[in-house]
Amino acid sequence: MTDAGLRATPIDTSKPHSARMYDYFLGGKDNYPVDAEAGEQVISLFPAVREMARTNRRFMHRASRLLAERGVRQFLDIGTGIPTEPNLHQIVQGIVPDARVVYADNDPIVLRHAEALLHSTPEGRTAYVHGDVREPGRILAAARETLDFTEPIALSLVALLHLVVDEDEPGRIVRELLEPLASGSYLTLSHATGDFDPETWQRVVEIYRKGGTPAQVRSRDAFAAFFTGLDLLDPGLTLAAHWHPELGEERGGEDIPLYVGVARKP
């Protein structure tokens, strides 16, 4: 599935893209010189950005694993990014083989790699939607082809909302995505913050904006607002490295400015 009512546009290699910059930070090869140049500008301001990307990735793995262990069998991952193994479906289907996973992203290069996201277990199913989080209704409509909205769904917006500025009403977007989900569904979020070094992060945001990517870091209170009406799992809102660290997991990123949280819809 690749149709969310939006047609994939050609890859624009004249401007950096957040998904390709993230791939660059992770050491991937699916990026272009313009992405590497912008990435190096970020690194010059915040050298720990590579560790931040890895810390975020490890959080996604832990959160997805925990929810699968709780019996969640459906996942909607928006802002998927370029596939990097293990992908979310590999994590959850290793625990719940019949899990269904829908990925969504708006970068044409992710669409080109969607086949890597569709190698489901025989018991489960994966699908890909080419869509923009700013049009949640289109994503939800396409996701209904794969997911049963009468049963709990784990909605994942990992490292995505700091790419949605206030003018696009991220709070409304989150509410619209959650509204049709059944009771017992979950919301998983991670979000960069400027709480600890506002000047540096304002300069990082400007690099993204100059490249044509909207960006906005937020405070802990602003991040907490996305969970209004939901029941946060322990340990609540915290920095990514402190959210359910696992024995034997690569450590690091203790002070990485990335807030995370997982919450249940009553």
Side-chain angles (χ1 to χ4, degrees), residues 4-6 18-19 22 52 56 59-60 63-64 67 72 74-81 88 102-107 129 131-144 147 149 152-196 198 201-202 204-206 208-209 212-240 243 256-266:
L6 297 172
S18 57
Y22 188 73
M52 188 172 189
N56 180 72
F59 162 71
M60 183 276 285
S64 301
L67 294 182
V72 179
Q74 302 189 107
F75 294 79
L76 174 56
D77 180 42
I78 303 177
T80 299
L88 187 149
V102 173
Y103 294 106
D105 204 289
N106 70 338
D107 185 358
V129 176
D132 194 307
V133 71
R134 295 167 186 81
E135 297 184 279
R138 292 178 181 270
I139 292 176
L140 291 170
R144 288 181 184 275
L147 305 179
F149 277 60
I153 295 171
L155 170 64
S156 173
L157 305 171
V158 172
L160 177 63
L161 293 178
H162 49 234
L163 301 174
V164 181
V165 294
D166 284 346
E167 290 85 344
D168 288 323
E169 302 179 284
R172 172 190 57 81
I173 290 171
V174 172
R175 291 192 298 272
E176 289 187 12
L177 289 169
L178 285 171
E179 194 278 330
L181 304 190
S183 175
S185 294
Y186 289 86
L187 174 65
T188 298
L189 298 181
S190 66
H191 199 300
T193 183
D195 280 355
F196 311 107
W201 278 95
Q202 185 55 43
V204 169
V205 164
E206 286 304 315
Y208 278 86
R209 291 181 176 178
T213 297
Q216 180 174 346
V217 292
R218 293 185 171 90
S219 67
R220 189 182 190 281
D221 287 346
F223 179 63
F226 292 124
F227 294 98
T228 300
L230 306 179
D231 299 325
L232 279 160
L233 304 187
D234 289 337
L237 303 184
T238 185
L239 295 178
W243 196 91
I256 290 295
L258 187 74
Y259 287 131
V260 304
V262 178
R264 184 179 185 273
K265 182 178 179 179

Taking the side chain as everything from C-beta on, heavy atoms only, tell me whether [X] gets closer than 4.5 Å to [Y].
{"X": "Pro170", "Y": "Gln216", "answer": "no"}
{"X": "Lys265", "Y": "Leu155", "answer": "no"}
{"X": "Pro214", "Y": "Glu167", "answer": "no"}
{"X": "Leu237", "Y": "Tyr259", "answer": "no"}
{"X": "Leu157", "Y": "Leu177", "answer": "yes"}
{"X": "Phe196", "Y": "Leu239", "answer": "yes"}

Exercise. Determine, step by step, whether Tyr208 and Ser18 satisfy the side-chain contact (heavy atoms from CB on, under 4.5 Å) criterion, reporting the C-alpha distance in whole Å, the side-chain angles of both residues, the deciding distance to 0.1 Å, and the verdict.
Key: CA-CA 8 Å; Tyr208 278 86; Ser18 57; 4.2 Å; yes
Work out which heavy atom in [X] is nearest to a heavy atom in [Y]; give both atom names and the distance.
{"X": "Asn56", "Y": "Ala159", "result": "ND2-CB, 3.7 Å"}
{"X": "Ala142", "Y": "Val129", "result": "CB-CG2, 3.7 Å"}
{"X": "Val165", "Y": "Arg218", "result": "C-NH2, 3.6 Å"}
{"X": "Ala19", "Y": "Gly81", "result": "CB-CA, 4.4 Å"}
{"X": "Val262", "Y": "Trp243", "result": "CG2-CZ2, 3.4 Å"}
{"X": "Trp201", "Y": "Gly194", "result": "CB-CA, 3.9 Å"}

Please round to the nearest 0.5 Å and tell me the distance separating atom [atom1] of [X] and atom [atom2] of [Y].
{"X": "Ile78", "Y": "Asn106", "atom1": "CD1", "atom2": "CG", "result": "11.0 Å"}
{"X": "Leu189", "Y": "His162", "atom1": "CG", "atom2": "NE2", "result": "11.0 Å"}
{"X": "Tyr103", "Y": "Asp105", "atom1": "OH", "atom2": "CG", "result": "12.0 Å"}
{"X": "Thr238", "Y": "Leu258", "atom1": "OG1", "atom2": "CG", "result": "10.5 Å"}
{"X": "Glu176", "Y": "Leu140", "atom1": "CD", "atom2": "CG", "result": "8.5 Å"}
{"X": "Ser190", "Y": "Met60", "atom1": "OG", "atom2": "CE", "result": "9.5 Å"}

For [Y], does its backbone N or O pair with a side-chain atom of [X] as donor and acceptor, under 3.5 Å?
{"X": "Gln74", "Y": "Pro152", "value": "yes"}
{"X": "Ser156", "Y": "Leu76", "value": "no"}
{"X": "Thr80", "Y": "Ala104", "value": "yes"}
{"X": "Ser185", "Y": "Ala154", "value": "no"}
{"X": "Asp195", "Y": "Arg220", "value": "yes"}
{"X": "Arg264", "Y": "Leu233", "value": "no"}
{"X": "His191", "Y": "Phe223", "value": "no"}

Self-check item: Electrostatic pair Arg175-Glu179, nearest N-O below 4.0 angstrom
Solution: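 Glu179 and Arg175: not salt-bridged.
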Practice problem: May I have the step-by-step check of side-chain contact (heavy atoms from CB on, under 4.5 Å) for Leu181 and Phe149, ending in yes or no? | Solution: CA-CA 6 Å; Leu181 304 190; Phe149 277 60; 3.6 Å; yes
Quiz item: Yes or no on side-chain contact (heavy atoms from CB on, under 4.5 Å) for Leu230 and Leu178, after CA distance, side-chain angles and deciding distance?
Solution: CA-CA 10 Å; Leu230 306 179; Leu178 285 171; 3.9 Å; yes
Exercise. For Leu161 and Val174, run side-chain contact (heavy atoms from CB on, under 4.5 Å): C-alpha distance rounded to whole Å, both residues' side-chain angles, the deciding distance at 0.1 Å, then the answer.
Key: CA-CA 9 Å; Leu161 293 178; Val174 172; 3.9 Å; yes
